[in-house]
K.L.:
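The structure follows.
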Amino acid sequence: MKTNIILIGMPSCGKSTIGRRLAAMLGYHFIDTDDIIIQQNGRPLRDIIRLEGLDGFRCREEQAICSVNTESTVIATGGSAVYSNKAMSHLQNMGTVVYLAIPFETLTRRIGDPVKRGVKMPPTMTLRELYDERTPLYESYASLTVEEAMDDTVESTAIRLMQLLK
């Protein structure tokens, strides 16, 4: 197993929650790249998007991800990290990239209103369009894909992922 495990996927697929549990099970550290963006910029993600737009946010996201240099860590990325080839190449060089895939129906149930949830997408785009746009990107960058079922728990997904990584 490579030294780091990087989790990618749609918002609400469980990257942070499963990532924390997996890190605890493996005795790894855990970081969320959204937290790094906030720390480096001194403001919440929604403020960065409001002030700089999606392109400005994605630039900040790429900078934050490329600044990560760690070992024995589970890294949860923001759902939009896959828009940066530079950031994803950096992550691929650091460890095993795992796509946490969830069916669209599960995603809509978990997210509810994408605007209230803070999903980063153009205002003219639907959640379905975003899902369809990002899915091939997640698949292309992933070394491993974990399909989540509706009745999976954080614990069961983390255990299954740990077994797949061995």
K.L.:
For residues 60-67, run the donor-acceptor check on the side chains, cut-off 3.5 Å, and write out each pair with its distance to 0.1 Å, sequence neighbours left out.
P.N.:
{"unit_1": "R60", "atom_1": "NE", "unit_2": "N41", "atom_2": "OD1", "d": "3.4"}
{"unit_1": "R60", "atom_1": "NE", "unit_2": "E52", "atom_2": "OE1", "d": "3.0"}
{"unit_1": "R60", "atom_1": "NE", "unit_2": "E52", "atom_2": "OE2", "d": "3.4"}
{"unit_1": "R60", "atom_1": "NH1", "unit_2": "N41", "atom_2": "OD1", "d": "2.5"}
{"unit_1": "R60", "atom_1": "NH2", "unit_2": "E52", "atom_2": "OE2", "d": "3.0"}
{"unit_1": "E61", "atom_1": "OE1", "unit_2": "S80", "atom_2": "OG", "d": "2.8"}
{"unit_1": "E61", "atom_1": "OE2", "unit_2": "S80", "atom_2": "OG", "d": "3.2"}
{"unit_1": "E62", "atom_1": "OE1", "unit_2": "S84", "atom_2": "OG", "d": "2.6"}
{"unit_1": "S67", "atom_1": "OG", "unit_2": "Q40", "atom_2": "NE2", "d": "2.9"}
{"unit_1": "S67", "atom_1": "OG", "unit_2": "A64", "atom_2": "O", "d": "2.6"}

K.L.:
State the CG-CG distance between D34 and L45, to the nearest 0.5 angstrom.
P.N.:
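If I round to the nearest 0.5 Å, the distance is 4.5 Å.
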K.L.:
Quick one, I18 with V146, criterion side-chain contact (heavy atoms from CB on, under 4.5 Å). Give me CA distance, side-chain angles, the key distance, then yes/no.
P.N.:
CA-CA 12 Å; I18 292 166; V146 175; over 6 Å; no
K.L.:
Same cluster for M121 and I8 if Ile/Leu/Val/Met/Phe/Trp/Tyr side chains link at under 4.5 Å?
P.N.:
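Yes, because M121 and I8 connect within a single hydrophobic cluster, where side-chain heavy atoms sit under 4.5 Å apart.
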K.L.:
Donor-acceptor pair, T33 side chain versus G78 backbone, under 3.5 Å?
P.N.:
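The answer is yes, because a donor-acceptor pair under 3.5 Å joins these two groups.
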K.L.:
Tell me whether Y99 contacts the main-chain N or O of E139 through its side chain, where contact means a donor paired with an acceptor under 3.5 Å.
P.N.:
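Such a contact is absent between Y99 side chain and E139 backbone.
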K.L.:
To the closest 0.5 Å, what do you measure between OG1 (T157) and CD (E148)?
P.N.:
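Separation between the atoms: 4.5 Å.
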K.L.:
Evaluate the criterion side-chain contact (heavy atoms from CB on, under 4.5 Å) for residue pair L164 and V98; output intermediate values, then yes/no.
P.N.:
CA-CA 10 Å; L164 290 170; V98 179; over 6 Å; no
K.L.:
Under a 4.5 Å side-chain heavy-atom rule over Ile, Leu, Val, Met, Phe, Trp and Tyr, are I159 and L165 clustered together?
P.N.:
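Yes, I159 connects to L165 through the hydrophobic network.
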K.L.:
Surrounding CD of E129 (heavy atoms of other residues, nucleotides or ligands, distance under 6.0 Å), is the total greater than 12?
P.N.:
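Yes, CD of E129 has more than 12 neighbouring heavy atoms, counting only those of other groups under 6.0 Å.
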K.L.:
Using modelled atom types and a 3.5 Å cut-off, is there a donor and acceptor pairing between side-chain atoms of N4 and backbone atoms of I75?
P.N.:
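No, the answer is negative, given that no donor and acceptor are paired below the 3.5 Å cut-off.
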K.L.:
Charged N to carboxylate O below 4.0 Å: is that the case for D132 and R128?
P.N.:
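Here D132 pairs with R128 in a salt bridge, since their nearest N and O are under 4.0 Å apart.
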K.L.:
Let me check something: do I49 and L51 share a hydrophobic cluster, defined by ILVMFWY side-chain heavy atoms less than 4.5 Å apart, either directly or through other members?
P.N.:
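In one cluster with I49: L51, no.
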K.L.:
Within the 4.5 Å heavy-atom criterion, are Y138 and M10 side-chain neighbours or not?
P.N.:
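Yes, at least one pair of side-chain atoms sits under 4.5 Å.
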K.L.:
Could you work out, with side chain to side chain contact (heavy atoms under 4.5 Å, CB included) as the rule, every residue matching N69, not counting sequence neighbours?
P.N.:
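Partners of N69 by the side chain to side chain contact (heavy atoms under 4.5 Å, CB included) criterion come out as none, since no residue qualifies.
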K.L.:
Working to the nearest 0.5 angstrom, can you tell me the gap between Y131 OH and T108 OG1?
P.N.:
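Answer for the OH-OG1 pair, Y131 versus T108, is 10.0 Å.
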K.L.:
Partners of Y83 by side chain to side chain donor-acceptor pair (under 3.5 Å), sequence neighbours excluded?
P.N.:
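Partners of Y83 by the side chain to side chain donor-acceptor pair (under 3.5 Å) criterion, ordered by chain and then number, come out as E133, R134.
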K.L.:
Assigning hydrophobic clusters by single linkage (Ile, Leu, Val, Met, Phe, Trp, Tyr; side-chain heavy-atom cutoff under 4.5 Å), is V97 placed with I36?
P.N.:
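Yes; I36 is reachable from V97 via cluster members.
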K.L.:
Rounded to the nearest 0.5 Å, what separates atom CZ in F30 from atom OG1 in T73?
P.N.:
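Spacing of CZ (F30) from OG1 (T73) equals 10.5 Å.
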K.L.:
Starting at OG1 of T135, measure out to CD1 of I102 and round the result to the nearest 0.5 Å.
P.N.:
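That separation rounds to 9.5 Å.
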K.L.:
Do you reckon V68 sits in the same ILVMFWY cluster as I48, going by side-chain contacts under 4.5 Å, direct or chained?
P.N.:
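No; I48 is not reachable from V68 via cluster members.
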K.L.:
Heavy atoms only: give me the nearest P114-L127 pair and the separation to one decimal.
P.N.:
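The answer is CG-CB, 4.2 Å.
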K.L.:
So which heavy atom on S143 is nearest to which on T96, and how close?
P.N.:
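The answer is CB-CG2, 4.0 Å.
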K.L.:
Give, for atom CZ of R21 and atom CE of M162, the distance between the pair rounded to the nearest 0.5 Å.
P.N.:
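Atom-to-atom, R21:CZ and M162:CE are 8.5 Å apart.
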K.L.:
Mind checking whether I6 and M88 have side chains closer than 4.5 Å, heavy atoms only?
P.N.:
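They are not in side-chain contact.
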K.L.:
What are the two closest non-hydrogen atoms of P11 and R117, and how far apart are they?
P.N.:
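Heavy atoms of P11 and R117 come nearest at C-NH2, 4.2 Å.
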